[in-house]
Every structure is written in structure tokens, then in C-alpha cells.
Participant: 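First the structure, which I've put down as C-alpha cells, then a few questions once you've had a look.
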Amino acid sequence: MTNSILVTGGAGYIGSHTVVQLLEQDHHVTILDNFSNSSPQVLERIQRITGKQVALIKADIRDRESVRDAFKSRQFDAVIHFAGLKAVGEGEAFPLKYYDNNVTGSQVLLEEMLQAGVNRIVFSSSATVYGAPGQTQYHENLELAPINVYGRTKRIVEDMLRDTNKAQPQLRIALLRYFNPVGAHPSGLIGEDPNGIPNNLMPFIAQVAVGKREKLSIFGNDYPTPDGTGMRDFIHVQDLASGHLAALNYLAENDSPLIVNLGTGRPYSVLEMVNAFGKACGKDISYQFSPRRAGDLAEYYADPALATSLLGWTAKHGIEEMCMDTWRWQSDNPDGY
Ligand code: NAD
Ligand code: UFG
């Protein structure tokens, strides 16, 4: 069935890949984005990939008037809420900026969507809500104890949505806890385009490969992992995107809250990623070992079984595709959009 979906943050990395899949499934999509961490160029790329039009509202989710107008512009069936700030270090330095953008912004959005009679929301949460639980495989039942500001903003929004769902059961919620998104659309037309020096591993490796950075610093080689480097559950952004479509289908048929991990369940080490990327791009990635990064855990990965049983969803793309698709995007667009 064709639905009309409002996608906040739809011009961003994960949002743009999800919008492509929504359009491919014949949904009508409106992106609401303030372009604080993305480029309007994305819209043209999405249209090139899909041959379909996407509506745009340039607005901030904290701006109540604009959000209200957005809900007046069309009767939406559901909201997918990606808009937010996500840099862990920046959140520590500017906590109020993060609480304002992520928490206040989500509250305004939620109030206005309910006011407009829109009763389904899929929210971008993060594995970071688990904190440091003392085990490496994360199941959804673990207590949430985030260890940074960014993670606390995600937990607060999860609580806000769960509490509202309890009080107003007509609100249907999906909280998707992403592990480490990497990769790009196989066309090479859209991908991750960080501002400045990348914080995250994969975009840093890609910039070394394309000659924009000299070498990667690998933060720590003395972790209790097989090769001593950190291990993460990297998940292809195309798989993450398809998880959102599965969540929308779930909300169309179920009124119980959906709270699931989106990961592969198979962690890779930093060195394994470096080596796989070297193979994909046909050159060695220069690196040096550096001290551990504050706040990093040695290893964690998803238990993805609940998402599989509730949604029939599993991640399908492996490490080779993660690296090949990132490389295609990076080499075709060395300076991003
Ligand atoms: P992104 O920065 O590429 O996309 C976020 C988009 O939201 C951007 O286009 C930005 O311009 C927009 N935005 C930010 N604040 C806004 C505001 N106040 N009003 C309107 N638009 C606003 O990030 P992403 O990697 O695509 O992440 C999407 C969501 O997923 C975020 O909520 C993020 O916290 C969450 N998440 C990301 C990761 C990751 O590693 N990428 C992991 C877990 C969760
Ligand atoms: N790493 C390096 N060098 C770099 C960057 C990263 O060695 O230049 C290492 C890190 O130490 C870690 C691994 O690569 O061991 C992954 O680091 P990322 O920064 O790519 O990702 P994180 O696991 O730290 O965190 C990411 C997002 C968070 C999100 C979390 C969810 O940045 O926002 O995944 O699991 F919450």
C-alpha cells in the first residue's frame, strides 16, 4: 500500500538511503531537514537513482510553526525521525546543544504529529543507549545506561516515546537501535559525507584511500580481542534502510511498541576493516597504532534475533560490499556532494 511518509533528517546519511527505498516501494516521501549536516544536492541524487520526485521542507524540527505547517501540508501516515546530532565528542563539549536538538526537537515533532492525527513514528536510536553493560553481545532486554550525553539524549527520546505510547496507545512507536552503519548506495551517488575530519572509522579509511588523509590512527591495539583492535558490528546502510521499511510494515499491523537492534550479529575488528577496504580499493591503507580513544569499548555487537523474529528482517550485505560500496562513493565523489 502506498503511504505518505514524513522523513525528518532525510537528507542525511541513513535518511537518504531510506528515502530511496521508500520511493522504490512507491511511497510518497517528504523530507524535512535543516541541512545542518547535509547538502541539498542529495535531493537531486535521490531523484537520479529512483526517477521519482521527493518533496522538501527546509525546516528545523525545533521550529514549532514550521513543523505544524509541515503537518498541514499533507496528511502523513507515518514519520521516520532521523533528524538529530550524533557526534559523541561534540555532545560532551556542548551538552545543551544536544539536549535542545535531539530532545526538544523530538518533543516538538511528537506534539505536532499527534496534534495533526499522525500516529506512527519510527525513531533512530542507537546501540549507545546500552552504555557499558559488561558483556559484548547486546540484547534488547539489557538495562539502558548510556555513558555519554549523546546516548542519554537517545534514551530520553526513547522514554518520551514509550511513556506517550502508554498514555495514548493510538501512538505506535518503533525504536530502532542501530549498530555501526557503513557503506553506501551501490550506484555511488549517495553516501556518508562528514564535515571536516571524520570521527568514525569507515569515512576516515575511505579518505585515506582517496588521498585526502595521510594515515589512519588505530585507537588501541591492546584490547582483549583476537588482533588487539576494537571490534564493532558494522552494518551496511542498505540493510539499515530496509529495516525501516520493515518497521513501517510492522506498525501498520501491530500496536505493540517495536524496540529492536539493527545489527548483523557478526563483529569485525578495526584491522579486519582496514584490510578488507585495502582489498576493495586495490591499495594498502596506511595506518599507525595510537593510544585508546577515551570512552571506547573493546567490543560489542548486536543480538539481532528479535528483529528477525518480529520483522522477518536480517542484514544481507557482508564486509566486502560494505567496503566496495564505500569506495565507489568515495572515489566517485572525493569531496563529497
Ligand atoms: P546525518 O547527520 O547524516 O543525518 C541527520 C540529518 O538530520 C542531517 O541531514 C541534518 O541536517 C538533519 N538535522 C539535524 N538536526 C536537525 C534539526 N534540528 N532539524 C532538522 N533537521 C536536522 O546522520 P545519520 O548518520 O544519517 O544519522 C541519522 C540518525 O541516526 C541520527 O538521529 C543519529 O543520531 C542516528 N544514529 C546514527 C548512527 C551513525 O553511526 N551514523 C548510529 C546510531 C544512530
Ligand atoms: N577507530 C579508529 N580510528 C578512527 C576512528 C575509529 O581506530 O579514526 C576505531 C574506534 O576506536 C572503534 C572503531 O574504530 O574501535 C569504531 O569507531 P567509530 O567511531 O566508527 O564508531 P563507534 O563504535 O565509536 O560509535 C558509532 C557512532 C555512535 C553510535 C555507535 C553505535 O559514532 O554515534 O556507533 O554503536 F552510537
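Indexing begins at 1, ligand by ligand and atom by atom, following the structure's order. Keep in mind that what you see is a predicted model, and the values were worked out from it rather than measured. Residue indices begin at 1 and follow the sequence shown.
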Participant: Looking only at distances, please establish whether an N/O atom of ligand 2 is found under 3.5 Å from an N/O atom of Leu201.
Facilitator: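 Yes, Leu201 has an N/O under 3.5 Å of an N/O on ligand 2.
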
Participant: Is it true that a side-chain atom of Thr308 and a backbone atom of Gly312 form a donor plus acceptor pair closer than 3.5 Å?
Facilitator: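 No; judged by distance alone, with no hydrogens or angles, the pair does not exist.
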
Participant: Tell me whether Tyr223 reaches ligand 2 (any heavy atom closer than 4.0 angstrom to a ligand atom).
Facilitator: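 It does not, in that no heavy atom of Tyr223 comes within the 4.0 Å cut-off of ligand 2.
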
Participant: Among Arg62, Lys86, His81, whose heavy atom sits nearest atom 24 (P) of ligand 1?
Facilitator: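 Heavy atom nearest to atom 24 (P) of ligand 1 belongs to Lys86.
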
Participant: Check Asn200 against ligand 2 and report side chain, backbone, both or neither, counting heavy atoms closer than 4.0 Å.
Facilitator: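 Contact part for Asn200 vs ligand 2: both backbone and side chain.
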
Participant: Considering only the protein, which heavy-atom contact is closest to atom 27 (O) of ligand 1, and what is its distance?
Facilitator: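 Of the protein heavy atoms, Ile14 CD1, 3.7 Å lies nearest.
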
Participant: Counting only heavy atoms, which portion of Arg293 has something under 4.0 Å from ligand 2: side chain, backbone, both, or neither?
Facilitator: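 The side chain, only.
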
Participant: Have a look at ligand 1 and work out which part of Ala59, if any, has a heavy atom under 4.0 Å from it: side chain, backbone, both or neither.
Facilitator: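 Ala59 to ligand 1: backbone contact only, side chain stays beyond 4.0 Å.
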
Participant: Among all protein heavy atoms, pick the one closest to atom 9 (C) of ligand 2 and tell me residue, atom and distance.
Facilitator: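 Atom 9 (C) of ligand 2 sits closest to the protein heavy atom Val270 CG2, 3.7 Å.
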
Participant: I'd like to check which ligand 2 atoms, numbered from 1 as shown, lie under 4.0 Å from a non-hydrogen atom of Lys86.
Facilitator: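 Checking each atom against Lys86, I get 33 (O).
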
Participant: Does any N/O atom on Arg232 come nearer than 3.5 Å to any N/O atom on ligand 2?
Facilitator: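 Yes; the residue has a nitrogen or oxygen that sits under 3.5 Å from a nitrogen or oxygen of the ligand.
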
Participant: Only heavy atoms of Asn199, strictly under 4.0 Å: list the atoms of ligand 2 that pass.
Facilitator: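 Matching atoms, with element in brackets: 5 (C), 19 (O).
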
Participant: Heavy-atom contacts with Ile218 under 4.0 Å: which atoms of ligand 2 show up? List them by number with element.
Facilitator: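 By the 4.0 Å cutoff, the relevant atoms are 7 (O).
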
Participant: Answer with yes or no whether Ser125 contacts ligand 1, where contact means a heavy atom under 4.0 Å from a ligand atom.
Facilitator: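 Per 4.0 Å heavy-atom rule, Ser125 contacts ligand 1.
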
Participant: Name the closest protein heavy atom to atom 40 (O) of ligand 1, giving the residue it belongs to and the distance to 0.1 Å.
Facilitator: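 Protein heavy atom at minimum distance: Pro181 CD, 3.3 Å.
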
Participant: Please determine if Leu32 has a nitrogen or oxygen closer than 3.5 Å to a nitrogen or oxygen of ligand 1.
Facilitator: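 Among all N and O atoms of Leu32, none is under 3.5 Å from an N or O of ligand 1.
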
Participant: For ligand 1, which is the ligand I care about here, please tell me if Ile61 has any N or O atom under 3.5 Å from one of the ligand's N or O atoms.
Facilitator: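 Among all N and O atoms of Ile61, at least one is under 3.5 Å from an N or O of ligand 1.
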
Participant: Could you tell me whether Ala87 approaches ligand 2 through its side chain, its backbone, both or neither, with non-hydrogen atoms closer than 4.0 Å?
Facilitator: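 None of Ala87 does.
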
Participant: Give the C-alpha distance, both sets of side-chain angles, the deciding distance and a yes or no for side-chain hydrogen bond (donor to acceptor under 3.5 Å, both in side chains) between Asn195 and Asn37.
Facilitator: CA-CA 7 Å; Asn195 281 328; Asn37 197 38; 3.1 Å; yes

Participant: Is any side-chain heavy atom of Ile173 closer than 4.5 Å to one of Arg162?
Facilitator: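 Result yes, sub-4.5 Å side-chain heavy-atom pair found.
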
Participant: Quick one: look up the protein heavy atom nearest atom 17 (C) of ligand 1 and list residue, atom name and how far away it is.
Facilitator: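 The closest heavy atom on the protein side is Asn34 ND2, 3.3 Å.
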
Participant: Between the side chains of Lys316 and Glu321, is the shortest nitrogen-to-carboxylate-oxygen separation below 4.0 Å, so that they form an ion pair?
Facilitator: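 Judged by the 4.0 Å cut-off on N to carboxylate O distance, Glu321 and Lys316 do not form a salt bridge.
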
Participant: Test the Arg74-Phe71 pair against the cation-pi criterion, namely NZ or CZ under 6.0 angstrom from the six-membered ring centroid and within 45° of the ring axis.
Facilitator: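 Negative - Arg74 is either too far from the ring of Phe71 or too far off its axis.
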
Participant: For ligand 1, indicate whether the residue Phe35 contacts it via side chain, backbone, both or neither (heavy-atom separation under 4.0 Å).
Facilitator: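 Under 4.0 Å from ligand 1, Phe35 contributes backbone atoms alone.
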
Participant: Could you tell me which residues satisfy side-chain hydrogen bond (donor to acceptor under 3.5 Å, both in side chains) with Arg232, sequence neighbours excluded, listed by chain and number?
Facilitator: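 Arg232: no side-chain hydrogen bond (donor to acceptor under 3.5 Å, both in side chains) contacts found.
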
Participant: Indicate, as side chain, backbone, both or neither, the part of Phe179 found under 4.0 angstrom from ligand 2 when only non-hydrogen atoms are considered.
Facilitator: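 Answer for Phe179: backbone.
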
Participant: Nearest protein heavy-atom contact for atom 25 (O) of ligand 2: which residue, which atom, what distance?
Facilitator: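 Looking at atom 25 (O) of ligand 2, the protein heavy atom closest to it is Asn180 ND2, 4.0 Å.
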
Participant: For Ser36, state whether at least one heavy atom is located under 4.0 Å from any atom of ligand 1.
Facilitator: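 Yes; Ser36 lies near enough to ligand 1 that a heavy-atom distance drops under 4.0 Å.
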
Participant: Among all the protein's non-hydrogen atoms, which is closest to atom 33 (O) of ligand 2, and how far away is it?
Facilitator: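 Looking at atom 33 (O) of ligand 2, the protein heavy atom closest to it is Tyr150 CE2, 3.4 Å.
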
Participant: Which heavy atom of the protein is the closest neighbour of atom 5 (C) of ligand 1, given with residue, atom name and distance?
Facilitator: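 Checking every protein heavy atom, the shortest distance to atom 5 (C) of ligand 1 gives Gly84 O, 4.0 Å.
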
Participant: Tell me, which protein residue and heavy-atom name are nearest atom 4 (O) of ligand 1, and how many Å apart are they?
Facilitator: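 Its nearest protein heavy-atom neighbour is Gly12 CA, 3.4 Å.
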
Participant: How far is atom 4 (C) of ligand 2 from its nearest protein heavy atom, and which residue and atom name does that atom have?
Facilitator: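 Among all protein heavy atoms, the one nearest atom 4 (C) of ligand 2 is Phe219 CE1, 3.3 Å.
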
Participant: Answer yes or no: does an N/O atom from Phe82 fall short of 3.5 Å to an N/O atom of ligand 1?
Facilitator: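 Checking ligand 1 against Phe82, an N or O pair does fall under 3.5 Å apart.
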
Participant: Indicate yes or no: does an N/O atom of Ala83 lie under 3.5 Å from an N/O atom of ligand 1?
Facilitator: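 Between Ala83 and ligand 1 (N or O atoms, distance only) the closest approach is not under 3.5 Å.
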
Participant: Starting from atom 36 (F) of ligand 2, which protein heavy atom do you reach first, and at what distance in Å?
Facilitator: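 So the nearest neighbour among protein heavy atoms is Ser126 OG, 2.7 Å.
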
Participant: With respect to Ser126, determine whether any N or O atom, backbone or side chain, lies less than 3.5 Å from an N or O atom of ligand 1.
Facilitator: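 N/O-N/O distance below 3.5 Å does not exist for this pair.
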
Participant: Heavy-atom contact check, 4.0 Å cutoff: does Asp33 meet ligand 1?
Facilitator: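 Asp33: in contact with ligand 1 (<4.0 Å).
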
Participant: Could you tell me whether Lys97 and Asp100 have a side-chain N and a carboxylate O separated by less than 4.0 Å?
Facilitator: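 No, no charged N to carboxylate O under 4.0 Å.
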
Participant: Test Ser125 against every option in Lys154, Arg155, Glu158 by the side-chain hydrogen bond (donor to acceptor under 3.5 Å, both in side chains) rule and name the one that passes.
Facilitator: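 When side-chain hydrogen bond (donor to acceptor under 3.5 Å, both in side chains) is applied between Ser125 and each of Lys154, Arg155, Glu158, only Glu158 qualifies.
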
Participant: Once you measure the plane-to-plane angle for Phe123 and His81, does it fall in the parallel (<30°), tilted (30-60°) or perpendicular (>60°) bin?
Facilitator: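 Rings of Phe123 and His81: tilted, 30 to 60°.
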
Participant: Going by the atom numbers of ligand 2, which of them fall below 4.0 Å from some non-hydrogen atom of Tyr300?
Facilitator: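 Per the distance check, 23 (O), 30 (C), 31 (C), 35 (O).
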
Participant: Salt bridge or not for Lys86 and Glu192, using N-O below 4.0 Å?
Facilitator: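 Glu192 and Lys86: salt-bridged.
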
Participant: For the 3.5 Å polar cut-off, considering only N or O atoms, please tell me whether Met231 and ligand 2 meet it.
Facilitator: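 No; every N/O pair is 3.5 Å or more apart.
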
Participant: Taking heavy atoms and a distance under 4.0 Å, where does Asn101 meet ligand 1: side chain, backbone, both or neither?
Facilitator: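 Looking at Asn101 and ligand 1, just side chain atoms fall under 4.0 Å.
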
Participant: What verdict does the side-chain hydrogen bond (donor to acceptor under 3.5 Å, both in side chains) test give for Asp233 and Thr264, after you've listed the backbone C-alpha separation in whole Å, the side-chain angles of each residue and the deciding distance to 0.1 Å?
Facilitator: CA-CA 6 Å; Asp233 186 336; Thr264 67; 2.8 Å; yes

Participant: Just to verify, which of Asn221, Asp227, Thr225 counts as forming a side-chain hydrogen bond (donor to acceptor under 3.5 Å, both in side chains) with Ser269?
Facilitator: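 The single option meeting the side-chain hydrogen bond (donor to acceptor under 3.5 Å, both in side chains) with Ser269 is Asp227.
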
Participant: So for ligand 1, is Asp60 a polar contact partner (N or O within less than 3.5 Å, distance only)?
Facilitator: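 So ligand 1 has an N or O lying under 3.5 Å from an N or O of Asp60.
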
Participant: Can you tell which part of Lys154 has a heavy atom less than 4.0 Å from ligand 1: side chain, backbone, both or neither?
Facilitator: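 Only the side chain of Lys154 comes within reach of ligand 1.
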
Participant: What verdict does the salt bridge (Lys or Arg N to Asp or Glu O under 4.0 Å) test give for Glu140 and Arg177, after you've listed the backbone C-alpha separation in whole Å, the side-chain angles of each residue and the deciding distance to 0.1 Å?
Facilitator: CA-CA 9 Å; Glu140 290 82 353; Arg177 296 178 181 155; over 6 Å; no

